[in-house]
Amino acid sequence: MRQANWQQTDRSRVETLLAGVPFFNEVARDDPAQRSRLLARTELVEAAPGDTVIRAGEVESSLYFLLRGQLVVLDDAPPHAVLYYVSPGEVFGTLSLLLRRARSATIQVADAAREAVLARLDFNDFDDDRDTPYTLATRLAFFHMLVHQIRWAVEVRRMQSPDAGLAADLRKVPVFTGERDSEAELASLRDQARALADLLYRWNHRPPGTTGNAQLT
């Protein structure tokens, strides 16, 4: 993988690629200053077919949005079967960050893809209360996105591979009912994201022989 050499010179291309990600659109619509800061801290990465984007066992703080191309999530055990396909617009790499675990899967650019373009952000910028470049509104938008994405993935796993115990735990994940656009809402969203990430991780690591493909986020 390599940083896109056109990121600083072809703004229209950057705008076109990021337009497919609702989170970037929401920040751009609500706060032009935050939009500029977000773009400045977003690294665009190009990857060729077969390139590894995330490697199982790594510990680092990057999360990714796939902007163009296709990625494959590989089983860590030989023969490294494809578990899941990542399509443009999806965010991935967040489970290990939310759960503070090493990466649990290897993700590569699909051999059939001509290339992949990804946006890379530092998760700590959004999660660290003491040293964040973003406003409360931007962080709320970020964690709203994560909760939505992970809950969707959990619901897919619930339908693919029913498990009464995990379904009961899903019903226990609290939904925020307090003051909107507040620090309390941010704290609740962070708790929800981690609880849902734990559920998705457990669903993905059920014993062999259960049905359904792993879901990623």
Side-chain angles (χ1 to χ4, degrees), residues 1-10 12-25 39 42-99 101-123 145-146 148-150 152-161 197 200-217:
M1 295 198 304
R2 64 185 183 278
Q3 184 170 3
N5 57 18
W6 42 263
Q7 180 173 358
Q8 304 303 324
T9 60
D10 193 345
S12 63
R13 186 178 181 185
V14 173
E15 298 283 359
T16 298
L17 286 167
L18 294 180
V21 181
F23 168 65
F24 284 89
N25 292 335
L39 291 181
T42 300
E43 182 181 3
L44 297 186
V45 178
E46 296 176 313
D51 280 0
T52 296
V53 178
I54 284 176
R55 193 179 304 278
E58 289 180 337
V59 178
E60 49 102 21
S61 63
S62 296
L63 65 97
Y64 296 85
F65 297 87
L66 179 61
L67 306 179
R68 188 171 67 200
Q70 187 179 61
L71 307 178
V72 291
V73 183
L74 303 177
D75 189 348
D76 196 34
H80 306 298
V82 174
L83 299 176
Y84 183 77
Y85 291 92
V86 183
S87 300
E90 289 192 59
V91 58
F92 64 96
T94 59
L95 287 191
S96 64
L97 304 176
L98 288 165
L99 300 177
R101 296 176 179 264
R103 305 289 198 187
S104 61
T106 293
I107 303 175
Q108 294 181 345
V109 181
D111 290 336
R114 187 177 65 179
E115 67 169 350
V117 180
L118 308 101
R120 179 162 58 196
L121 291 171
D122 189 337
F123 178 77
M145 172 199 65
L146 289 191
H148 174 78
Q149 293 268 0
I150 302 171
W152 175 85
V154 169
E155 290 292 349
V156 171
R157 290 297 285 137
R158 183 179 64 83
M159 291 184 289
Q160 288 179 336
S161 184
L200 184 57
Y201 182 89
R202 289 158 58 197
W203 234 306
N204 282 342
H205 291 80
R206 294 180 71 209
T210 55
T211 59
N213 295 322
Q215 291 294 318
L216 179 76
T217 193

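All residue numbers in this chain count up from 1 along the given sequence. Note that the coordinates shown come from a computational prediction; the quantities given were computed from them, not determined experimentally.
For Arg103 (side chain) and Gly93 (main-chain N/O), a donor-acceptor pair under 3.5 Å exists by modelled atom type. At distances below 3.5 Å, at least one donor-acceptor pair connects side-chain atoms of Thr106 with backbone N or O atoms of Ala56. Proximity of a side-chain donor or acceptor of Asn25 to a complementary backbone N or O of Ala19 within less than 3.5 Å is detected. In this structure, the side chain of Trp203 engages the main chain of Ser161 through a donor-acceptor pair within 3.5 Å.
The shortest heavy-atom contact between Ser62 and Leu97 is O-CD1, 3.7 Å. Between Ala102 and Gly57, the closest heavy-atom pair is CB-O, 3.6 Å. A pairwise comparison of heavy atoms in Val72 and Ala110 identifies CG1-CB, 4.0 Å as the closest pair. Nearest approach of Leu39 to Gln7, heavy atoms of both residues: O-NE2, 4.2 Å. Minimum interatomic distance between Ser87 and Leu66 (heavy atoms only, all atoms of both residues): C-CD2, 3.6 Å. Scanning all heavy atoms of the two residues, the minimum distance from Asp51 to Met1 falls at OD2-N, 3.5 Å.
Atom CD1 of Ile54 sits about 12.0 Å away from atom CG of Leu74, to the nearest 0.5 Å. Annotation: the span from Phe23 atom CZ to Gln149 atom CD amounts to 12.0 Å, rounded to 0.5 Å.
More than 12 non-hydrogen atoms from other residues, nucleotides or ligands lie less than 6.0 angstrom from CZ of Arg13.
Relative ring orientation between Phe65 and Phe24 is described as perpendicular, the plane-to-plane angle rising above 60° on a 0-90° scale split at 30° and 60°.
Across Glu46, Glu60, Glu43, a single residue satisfies salt bridge (Lys or Arg N to Asp or Glu O under 4.0 Å) together with Arg120, and that is Glu43. Each of Val45, Leu18, Leu118 was checked for a side-chain contact (heavy atoms from CB on, under 4.5 Å) with Leu67, and the lone residue meeting it is Leu18.
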Determine, stepwise, if the pair Leu146 / Leu63 fulfils side chain to side chain contact (heavy atoms under 4.5 Å, CB included). CA-CA 11 Å; Leu146 289 191; Leu63 65 97; 5.8 Å; no
Dump the intermediate steps for side chain to side chain contact (heavy atoms under 4.5 Å, CB included) on Thr42 and Val14, then the final yes or no. CA-CA 10 Å; Thr42 300; Val14 173; over 6 Å; no
May I have the step-by-step check of side chain to side chain contact (heavy atoms under 4.5 Å, CB included) for Leu83 and Asn204, ending in yes or no? CA-CA 10 Å; Leu83 299 176; Asn204 282 342; over 6 Å; no
Given side chain to side chain contact (heavy atoms under 4.5 Å, CB included), test Val86 with Tyr64 step by step and report yes or no. CA-CA 11 Å; Val86 183; Tyr64 296 85; over 6 Å; no
